[in-house]
Every structure is written in C-alpha cells, then in structure tokens.
Enquirer: 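What follows is a single structure, and I will ask about it in a moment.
Side chains are part of it too, since the values below use all heavy atoms of this structure and drop only hydrogens, waters and symmetry mates. Per chain, numbering begins at 1; letters A, B, ... match sequence-line order.
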Amino acid sequence: MSQGRQLSFNIFRYDPQEPDDKPKMIRYQLTETPGMTVFIALNKLREEQDTSLQFDFVCRAGICGSCAMVINGFPTLACRTLTAKYPKGDITLMPLPGFELIGDLSVNTGKFMRELAERLKLWLHPKANDSDVHRLEDPMDPVEAARLYELERCVECGVCVSACATKQMRDTFVGAVGMMKIARFEMDSRDARTAEDFYHVIGNQDGVFGCMTLLGCQDNCPKDLPHMQQIAYLRRKMAMTLI
Amino acid sequence: MKLIYTDSLVVGAGLAGLRVAIASKERGLDTLVLSLIPAKRSHSAAAQGGMQASLGNTVKGMGDDEDVHFQDTVKGSDWGCDQDVARMFAHCAPKAVRELANWGVPWSRVSAGPRQVIVNAQKVTLQEAQQAHGLINARDFGGTKKWRTCYTADGTGHSLLYAMDNKAIAMDIPVHERIEALALIHDGKRCHGVIARCLITGELRAYVAKSTTIATGGYGRIYEVSTNAIICEGIGQALALETGVAKLGNMEAVQFHPTAIVPVGILTTEGCRGDGGLLRDKDGYRFMPDYEPDKKELASRDVVSRRMTEHIRKGKGIDSPYGAHLWLDITLLGRKHIETNLREVQEICENFLGIDPAKDWIPVRPTQHYSMGGIRTNATGESPQLKGLFSVGEAACWDMHGFNRLGGNSLAETVVGGMIIGKYVADFCENNSLEIDTQLVEQFMQQVQSEIDVLIEGDGIESAFTLKHEMQRIMMDYVGIFRNGPELDKAVAELKVLLERSRKLGLKCKKRHANPELVEALRVKRMLKVALTVACGAAARTESRGAHAREDFPQRNDRDWLNRTLASWPDPDALEPVLNYEALDVMKMELPPGYRGYGINNAIAHPDTAKREQQITEILAELGDDADRYQRQRAIMPFELPESLQPNNERLSDTLTSPSANALGEKS
C-alpha cells in the first residue's frame, strides 16, 4: 500500500480535575490508513503520541451512542466518521457541548440520559400489571410494532441536545431525545398514560412549546430519526388536550 | 477506606446483569449495579438478529416447542453443554420474550395472510394464520429446525436493552457508571463483593455485598479482530481467575461468526442469511450447498465459518489489502426488506464500506464473535468453588452452549439466564447474612492500591498497548478457527513471555484520576491470564468439538473428551493456569451424543452412549403411549426450576383448529 496522506488533528484538551489545567487546542499529525475512522485515529494518537488523551468508544460500530463529539463543527458519531471525508485532512475535534465534561473529548452523556429518563418517566407504564408470561401474549398491530421500533432507534448519543439552540439557552429543556421518547410511549398502545399525563411533563416551555424549530436535531441525528415530525405531532397532541 | 454495602451487587449493566438486578429488587433487596459505561451502551445493544424462543406463532414455527429448541441447542453445542441447563433455558425462553413484551419491547409481529419470503434463493409465499395475527413473529436462523428467532428488525439487542434498562430505572435501581471492578473480595470460600475503581476520579471503593454477580460479557477482545465491543476484554473472567479458587469453564470454546465485514470486523447479523441471503465466492458462485447440501448457508455457525475458511484456502476468496474475504449477497431480499428488517446492516454498510447492500455484495469473513467459556457456575448460576459468587450471560459458563452457540441463543441466554439466576441470587440473599470483615476488605483494597502504585511510581518499562497488540496477534494467528498442536504450543509459550513482561509495565501518564493508560495497564495483565486459559485449554484438548477444531485431531472424541475444561490460577506467580476436567455424564443425558448432521460422522463414541439409548427406550416403553411429552421428558431427565417459572408455556398451536404446518404452509 502506498504511503497515506498526513492528517492534522486539532484536538480540545482539558482535564478539569487538574487544578492548573486550562482548556486548549493541541495539534497532532497522523498518517492516514485506508478506511481510517476517527475511532482508529484517536486510538493511534493515544497509543503513539499521548497516552493521557481521553475519549469514549464502546461498540465502534455506530450502535451504542458513546462517541458523539463535534467534528469540524458538526456533532456526530466519531466511530463511523471516515477521515477520508475531509479532503484537506484537517480535522478539529471538540467535546459535545451541553454535557458535563469528564476530560478532553469525554463527556457524561450517561448521567444526563438517566436523569432525563427519571424526570420524564421514560419507561412503559403498562395498562395491566397482571400479564401472565406463561400464557399467549397480547396481540399487537404489526404496523404499530414496526413504527415503534423506528422511533426506538435512538441511541442516546446526545447529538440532538448539543445541536439544539433552545437547549443552549434553556438548561431544563428536554431536547429532541426527550420528546422522541415521549412520542414513542405516547404511540404505544400498551402504555396506560393519556395525552393529559404527557401534557404535565412536556406541555410547557421545557417541552414542546419551548422548541424553536431550528431542527439542528433533525439535521444531525445519526439515526435519521424523524424529530421534526414527532415534535410537530406532540405539539398538536398537547394543544388538543386544551380544547 | 470507602465502603459501600448492598445485598445484591451486580457487576455489568448489560441485559443479563440488569435482569438479575431487577429480580433482586423485585424481592425487596437492596440492589446495586456497577458498570464501565452507561447501561444502555452495553454490548447487549449490538445483538442484531434476535433471540430464540419456541413460541411457534409463525407458520414456519408451527410444531415448535421446548423439546425441539432443547434438541437444537444440544446438537449445536456438539454435546458439550449441560443438558439440565439447556432444558431450563428452553423452558423459560418463551416466558422471557413475553415478559419483555410487557416491559415495552416492540417485537415484530405476525401479519395474517400471505407473505413473501426467500427460502433457498427462491421466492416463497407463506400463508400466516388469522389467529396468529399480531402475535410475536420469528425469523429463520442457523442450526435450528424451526423459525424460532424473535426479533425487532435487526436491532433486537438495542430494543431489549432499552426496555430492560428502562425497567431498572422505573424500579429505581442505581447503576454506578464508569466504575471498574478490579478484584473480588473473598476468603477462599465465600465472595464478599469487589474492590472497584472510579474511572473519572480514580477513587478506590469497596463494594461489600451478600451476593456478587459477574455479568461482564465475553473476552473477544483478546483477539485482534472481533465483532465485540472494545470493552469485552474478559475482565470478569479474570476477576474470578485471580481469586485462585473460582474456576473458568471451557475457555477454549470461542466462536467465529461467519459474516463480519472486512476489515473492521463489525457484525452483519445471521438474520441476513436467515432471511435468505447467500454466500458467494470470487466467481460469484454460491458455494455453501457444495459443502452442506442440507442446511447450506444456515448450517451452524462453527460449520459455516470453517467451510468459508476452507473455501478461501482453496483460492476462492477475494483478495484485499486486509487478506482474502468472501461475499454476503442480500440483494435478492429486495430494498424494502432491507430497509425495514435489516436497517442496521444497511447503515453499517453505508458508513463503514460505502456500499448499498440492496445493490452491492458485502465483503465478509469469519471473525471472533462469542465466548462460550466463562466463569463456571452450577445450574443456579453460582460458582461451585466460591459461595456468593454468581455469574450470568456471556461472562458465565452456565453451560447451555457447550462448544458452539446457536445464533439467537446468546441474546436469549442473557434474559432467560438472568430471569432464572436472578431468582436464585435473590434466594441466596434472603438466606444469607452480610458478612463484613473489614480486615479482609482492607487487605484486598491495599492489594489493588499497591498494584496501582507500582504502575504509577515503579520503574517498569513495558507498554500496555504493545503487550496488548502482541497478545491479540498471537491469539489471531495461533488460536483461531482451525487449530493445531505446534501452533497452540507456540501461542502458550509466547503468551507466557508476555505475561512475564506485563509484570514490568510502566506508564507515561502518571495521573491517578482519569487515566486511560492506567486502565489499559490494569486490564492487559488480566487479559493475558484469560488468553492463557484459552490457549492452554485449546492445546490440551486433543479432539475437535464445535468451534474447537483441531487439524491434528479432526474427530469429536466422546470416549476421551466428553468433559468440560476447568481452569484455575491458584499460584499468582505462575505463568499458566491449572487445568482439570469435569466429566459429562452420558447416563444422565436426555439426548445422548449423536450425529450433528454436518460433514462425515466420524465421532469416537462414548462407551455409555449405547447403554443410555437403550435405557431411554426402556423408560419410554414403560411409560406407555398415553404419556404426554412433558411426562416423557420428566421420566428421562428431570430438571429443576424456581417454582414461579415451572408452569407450561401456552402456544397458539394448543388452540389452533388446524395446527398442521402443511395445512397452512408453503405454496411455492
């Protein structure tokens, strides 16, 4: 194989636990290899140039949502971002804004998502508690099941939160991730909650009525989830509860 | 010293761990889960194709039941599994699927009427029963007699994990994220919890508990290329090994999945072939029917992986800078099917290969995928050597997979095993008190502390990254799909050298808090021990069984090797584990060893096999023709389960007026 081109990485570095450390951008050079992703590149940089470099990867296959970061200005999943995508070979990496910084490119999305789930009660509230696992299951409309799965493909990567202008201004805003999940349970025929129940949670400035419809969520969602449609659906649904 | 107490401590927040935690919490026990990462990011999420459970709702699943699922599982294991456990599992799998439906999983459902599918490269129209409409659907998978794999598109693990974690959140079960367990606290007889390190602050904590359940997944990352998440490094197995007491089972049983993409090794689900996808060689030729005329692409995974490797060795692979590969062709399934049922595969192809799988063939080759071996437990999930230590899911050798796991049985094991073992863990917590010996806890705490001190302050010179790469290369080159004595001996010798070198690890980054190099160093020492148990076990086992294929011993040898490898590491300074063997008792088997149905039948029989077959015939004759299948099963091999899981499973076929598959079946 011929020698690959030189990539120049400009990476945000900051360790909030080091008393004297200050946020800074550091440049690293790396030779590109065929099929190189930001995942491969960051691991190479850590192994060969700076062993203290912090970042998060788990599945490295675009499935787990661990590795969202801002790459050349856009929040996305680093594991499936090919370096070949950047013709100039200049790649700037910043941690995802809107989340607690652990260090360098590592942010605490897990803590955020768990708190969101607790706050919005993002779990199925079954209509009947006496479902017997030994008996035939209740039937469900096959079309509904398929539609629920489409909405459930969210990987909680945090990209929609970091791409949301409303969230930047209003810390308590639930973001597209919160609304997508609410919509998912609202549409689930097994869930006992009514539109009124959901209204109490998101029928306000922190929820559907806070969204400015700039749709950074829709533009950047790595799973191509229909955020625009779901926010509009919920907004309509919530407004209907007032009639 | 920071001490945290709980009743039921679970290490690992994937499906198996969370299910045990839920079972504990349901019984009112104080429950706490430790995880390297947020629970929903666990490797369970990567399971694509589905989980097996004999619901028999789809017309191609009609006639399925626990008996058929049990037989498929035992055959798939190449008779290496624990048949009691396989029975417990097959019986509870339908319950787990239905429970998960109640917790929110949007299982794909059956649509009544005609549906077009691809079977053996032909379009076939199935006629689904009216009564099945809306019930949980199933797809075909390798090595199974019936269509039994329940699914949500190809994101089944994701859906299950999200539903399970949501349930855990609803029950207010705390998950301590970014915490890594580094040692088990034990007194040689009983396990009392773990010493763990916070990956953010570096703080060491002692988690003291009545029961400690290891649910940390497999050890795929001891290999260079693996479908596994990068956190599947075998640290759970290493924790057990380092007690010197607890034993690991069948560590040499490592599965290679036929279809991971080249070069990065990301999985494309078996559902691709289950739904009708084909394997092709460099001439575009569909080669599997030549090797396995009966099951073709849907032979058991170990078989397909070996056939692919054989075919590549014949020069039929496609050359690439990363070595030869073959093609997976799902174009015949059509765009609509791919965009609904194989969405994740489509995304992976687009993002990592830049191809459209509805138009282009996918470059694939067999890649390390699953660890059948793990922490040896008895049927209740507890270590026979260390009381209070439980293990579940891929981390464990509960042993329903033996030497080869069927596709769809791993996701199933996490939730079914978790369901069953969770109840036994809760029983244990109710029947035992918390024992806190602070001196013992302190001793383990100091041990871990000094290990870290030496790494940071010592004068070691070895790089954790280098040692890890070398280990991974050795495992790839010498402990792969086909194995032989000289190469395995080489692997053991080279790994020993690495283990010695790992005692002189040094760090460039000296931070005591968030320090990725320190994490790597702490892990690589442990991974090397795990790799050695795999290599030593493989070198010692001079037969071929399931995924353990010895070129120098190609026969399955029931006479000498119908047993389970047990590995322990009693001397911390030793460079290799101590191996011994646990015999599998043919006289207790429901299904005595037989022909698996692939290639030539060349197994060396066990002397008891004929005797047991005769005995079973007699038992059944004595029962008479009136006995139902449950009575027959109980007479041959009774097995235990917690009472609440004992009821029989209801099926559509119990009430369907014309249940015969032929009546509803295929019209080509």
Side-chain angles (χ1 to χ4, degrees), chain A residues 1 15 17-18 34-35 37 46-47 50-66 80 82 102-103 106 108-111 113-114 117-118 121-124 126 131-142 144-146 148-149 152-153 155-156 185 188 190-191 223, chain B residues 37-38 40-41 43 45-46 95 98-99 101-104 106-111 133-136 152-153 155 158-159 162-163 166-167 169-170 175 177 200-201 229-231 263-264 266-267 321 340 343-344 347-348 351-352 465 507-509 511 513-517 647-652:
Chain A
M1 260 178 279
D15 181 350
Q17 293 183 80
E18 286 283 352
T37 58
R46 182 195 272 171
E47 287 169 23
D50 190 337
T51 60
S52 70
L53 185 58
Q54 292 186 63
F55 48 78
D56 294 317
F57 289 96
V58 178
C59 76
R60 64 78 178 88
I63 292 165
C64 76
S66 299
R80 64 180 210 188
L82 296 162
I102 293 172
S106 172
N108 209 334
T109 46
K111 188 176 165 190
M113 295 299 169
R114 169 97 187 200
E118 287 172 354
K121 304 200 185 314
L122 298 176
W123 55 84
L124 189 82
S131 301
D132 182 346
V133 297
H134 314 300
R135 316 267 309 170
L136 214 58
E137 65 274 14
D138 293 332
M140 182 184 216
D141 176 10
E144 180 193 337
L148 287 178
Y149 173 69
E152 206 174 61
R153 293 179 68 248
V155 294
E156 300 194 353
F185 289 111
D188 194 325
R190 297 166 297 187
D191 200 288
K223 292 286 151 182
Chain B
I37 53 168
K40 286 192 173 80
R41 312 221 187 282
H43 186 50
K95 304 180 198 306
R98 288 166 176 167
E99 177 175 79
N102 298 337
W103 293 355
W107 293 111
S108 291
R109 302 286 174 144
V110 176
S111 294
H133 187 77
L135 297 180
I136 294 169
T152 56
H158 170 89
S159 279
Y162 272 53
N166 290 344
K167 177 79 180 168
I169 294 171
V175 178
E177 292 173 6
I200 300 176
T201 64
I230 57 168
I231 54 167
V264 286
I266 295 170
L267 181 73
T340 48
R343 261 178 129 314
E344 309 301 325
E347 242 183 42
I348 287 164
N351 287 306
F352 293 92
F465 299 112
L507 304 182
K508 290 189 190 120
C509 176
K511 285 181 194 175
H513 61 273
N515 178 348
E517 193 186 10
N648 293 338
N649 298 305
E650 189 189 22
R651 281 189 183 78
L652 185 63

Enquirer: Side chain, backbone, both or neither: which part of A/Arg190 has an atom under 4.5 Å from a heavy atom of chain B?
Expert: side chain

Enquirer: So which of A/Arg46, A/Arg114, A/Gln54 has the biggest tally of heavy-atom pairs under 4.5 Å with chain B?
Expert: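 The residue among A/Arg46, A/Arg114, A/Gln54 with the greatest pair count is A/Arg114.
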
Enquirer: Report the C-alpha distance between A/Thr109 and B/Arg41 in whole Å, list the side-chain angles of each, state the deciding distance to 0.1 Å, and finish with yes or no for side-chain hydrogen bond (donor to acceptor under 3.5 Å, both in side chains).
Expert: CA-CA 11 Å; A/Thr109 46; B/Arg41 312 221 187 282; 2.9 Å; yes

Enquirer: Does any backbone or side-chain atom of A/Phe185 lie under 4.5 Å from a heavy atom of chain B? Answer side chain, backbone, both or neither.
Expert: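 Looking at A/Phe185, just its side chain touches chain B.
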
Enquirer: Given side-chain contact (heavy atoms from CB on, under 4.5 Å), test A/Val155 with B/His158 step by step and report yes or no.
Expert: CA-CA 8 Å; A/Val155 294; B/His158 170 89; 4.0 Å; yes

Enquirer: Which bit of A/Ala61 is near chain B, if near means a heavy-atom gap under 4.5 Å: side chain, backbone, both or neither?
Expert: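 A/Ala61 touches chain B through backbone and side-chain heavy atoms alike.
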
Enquirer: As an exercise: rank B/Gly104, B/Pro263, B/Ala45 by heavy-atom pairs under 4.5 Å with chain A and give me the winner.
Expert: B/Gly104

Enquirer: Chain B: which of A/Arg135, A/Lys223, A/Glu152 shares the most heavy-atom pairs with it under 4.5 Å?
Expert: A/Arg135

Enquirer: With respect to chain A, which residue among B/Ile231, B/Ile200, B/Thr152, B/Asn649 yields the maximal number of heavy-atom pairs within a distance under 4.5 Å?
Expert: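 Option with the top pair count is B/Ile200.
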
Enquirer: Is the shortest heavy-atom distance from the side chain of A/Leu124 to the side chain of B/Lys167 under 4.5 Å?
Expert: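 Sidechains of B/Lys167 and A/Leu124: no contact.
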
Enquirer: Counting heavy-atom pairs closer than 4.5 Å to chain A, which one of B/Thr340, B/Ile37, B/Asn515, B/Ile136 comes out on top?
Expert: B/Ile136

Enquirer: Select, from A/Glu47, A/Lys111, A/His134, the one with the greatest count of heavy-atom pairs under 4.5 Å involving chain B.
Expert: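 Between A/Glu47, A/Lys111, A/His134, the count favours A/His134.
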
Enquirer: Is the shortest heavy-atom distance from the side chain of B/Ile266 to the side chain of B/Phe352 under 4.5 Å?
Expert: yes

Enquirer: Which of the residues A/Phe57, A/Phe55, A/Trp123 is involved in the greatest number of heavy-atom pairs with chain B at under 4.5 angstrom?
Expert: A/Trp123

Enquirer: Does a sphere of radius 6.0 Å around NZ in A/Lys121 hold more than 12 heavy atoms from other residues, nucleotides or ligands, not counting ones at 6.0 Å or beyond?
Expert: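 No - once you tally the heavy atoms of other residues, nucleotides and ligands closer than 6.0 Å, there are 12 at most.
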
Enquirer: May I have the step-by-step check of side-chain hydrogen bond (donor to acceptor under 3.5 Å, both in side chains) for A/Asp15 and B/His513, ending in yes or no?
Expert: CA-CA 10 Å; A/Asp15 181 350; B/His513 61 273; 2.6 Å; yes

Enquirer: Looking at chain A, which one of B/Val110, B/Thr201, B/Asn648 has the largest number of heavy-atom pairs inside 4.5 Å, strictly under?
Expert: B/Thr201

Enquirer: So which of B/Lys508, B/Glu177, B/Arg651, B/His43 has the biggest tally of heavy-atom pairs under 4.5 Å with chain A?
Expert: B/Glu177

Enquirer: Please rank A/Glu118, A/Met113, A/Gln17 by heavy-atom pairs under 4.5 Å with chain B and give me the top one.
Expert: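 Highest number of pairs under 4.5 Å: A/Gln17.
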
Enquirer: Is a donor on one side and an acceptor on the other found under 3.5 Å between the side chain of B/Glu517 and the backbone of B/Cys509?
Expert: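 Checking the backbone N and O of B/Cys509 against the side chain of B/Glu517, a donor-acceptor pair under 3.5 Å is found.
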
Enquirer: Check each atom of A/Leu82 against the heavy atoms of chain B and say whether the ones under 4.5 Å are side chain, backbone, both or neither.
Expert: side chain

Enquirer: Check whether the side chains of A/Ser106 and A/Asp56 place a donor and an acceptor atom closer than 3.5 Å, and report yes or no.
Expert: yes

Enquirer: Output, in order, the C-alpha distance, side-chain angles, deciding distance and verdict of salt bridge (charged side-chain N to carboxylate O under 4.0 Å, His left out) for A/Glu144 and B/Arg109.
Expert: CA-CA 9 Å; A/Glu144 180 193 337; B/Arg109 302 286 174 144; over 6 Å; no

Enquirer: So which residue, A/Asp188, A/Ile102, A/Asp50, ends up with the most heavy-atom pairs under 4.5 Å with chain B?
Expert: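 Counting heavy-atom pairs under 4.5 Å, the top option is A/Ile102.
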
Enquirer: State, yes or no, whether a side-chain contact exists between A/Thr51 and B/Leu507 at a heavy-atom distance under 4.5 Å.
Expert: no

Enquirer: So what's closer than 4.5 Å to chain A heavy atoms on B/Glu99: side chain, backbone, both or neither?
Expert: both

